[in-house]
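A short write-up of the structure that comes next.
Note that the structure is a prediction, hence the values are computed from the model and not measured. Because only heavy atoms are used, hydrogens play no part in the values below, and waters and symmetry mates are left out as well, while side chains stay in.
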Amino acid sequence: MKFLILLAKAGIGFVWLVLLLNIFMPFPGKAAIALYIMTAFLFFMHGLQMLIFIGAFGDKVKMSRWERWSILIFGIFALLDIRRKHMM
């Protein structure tokens, strides 16, 4: 399970790399616009996950600063990793 979570985090990291590259060196045509929309959507959804999780379990689970920010970067895969570390 730990290997699969790491593999998924690597995949999400690659997605973020492509999305951030598009910000600094936009892709040609309409692809750049689509990637801007995907960047905003991914950032919004992961931010919402982070706020909901910290709001619900922030006082029950002692997380490091990196674990809190990793939810914003990796989303559900960071939550699965935190669950595996702290709640099982």
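Within 6.0 Å of atom CZ in Phe43, 12 or fewer heavy atoms from other residues, nucleotides or ligands are found, so the atom counts as exposed in its surroundings.
The hydrophobic cluster around Leu51 extends to none of the other residues, as no ILVMFWY side-chain heavy atom falls under 4.5 Å of it. Cluster partners of Ile37 are Ile33, counting Ile, Leu, Val, Met, Phe, Trp and Tyr whose side-chain heavy atoms approach within less than 4.5 Å, directly or via other members.
Residue Leu79 is not grouped with residue Phe3 when hydrophobic side chains (ILVMFWY) are merged at heavy-atom distances under 4.5 angstrom, including chains of intermediate members. In the hydrophobic clustering of ILVMFWY residues, with side-chain heavy atoms under 4.5 Å counting as a link, Ile71 and Leu48 come out apart. In terms of hydrophobic clustering, with Ile, Leu, Val, Met, Phe, Trp and Tyr side chains grouped at heavy-atom distances under 4.5 Å, Leu72 and Leu6 are assigned to different clusters. Neither Val15 nor Leu7 shares a network with the other; the hydrophobic side chains, linked directly or stepwise wherever heavy atoms of I, L, V, M, F, W or Y lie under 4.5 Å apart, form separate groups for each. Tracing side-chain contacts under 4.5 Å through hydrophobic residues (I, L, V, M, F, W, Y), one never reaches Ile52 starting from Ile54; they form parts of separate clusters.
Between atom CG of residue Asp81 and atom OG of residue Ser70 there is a gap of 7.5 Å, rounded to the nearest 0.5 Å. Taking CZ from Arg84 and NZ from Lys2, the interatomic distance works out to 5.0 Å, rounded to the nearest 0.5 Å. To the nearest 0.5 Å, atom CZ of residue Phe27 and atom CG of residue Leu19 are 8.5 Å apart. Atom CG of Leu21 sits about 10.0 Å away from atom CG of Leu35, to the nearest 0.5 Å.
Under the salt bridge (Lys or Arg N to Asp or Glu O under 4.0 Å) criterion, no residue pair touches residues 11-37, with sequence neighbours excluded.
Partners of Asn22 according to the side chain to side chain donor-acceptor pair (under 3.5 Å) rule, which considers only residues two or more places apart in sequence or in another chain, do not exist here. Applying the ring pair (Phe, Tyr, Trp, His ring centres under 6.0 Å) criterion to Phe53, with sequence neighbours excluded, gives Phe57. Partners of Arg83 according to the salt bridge (charged side-chain N to carboxylate O under 4.0 Å, His left out) rule, which considers only residues two or more places apart in sequence or in another chain, do not exist here.
Between His46 and Ile73, every side-chain heavy-atom pair lies at or beyond the 4.5 Å cut-off. Side-chain contact check for Tyr36 versus Pro26: some heavy-atom pair is nearer than 4.5 Å. Within the 4.5 Å cutoff, side-chain heavy atoms of Glu67 are placed close to those of Lys85.
Seen from the ring of Phe74, Lys9 counts as a face-on cation partner, given the 6.0 Å and 45° thresholds.
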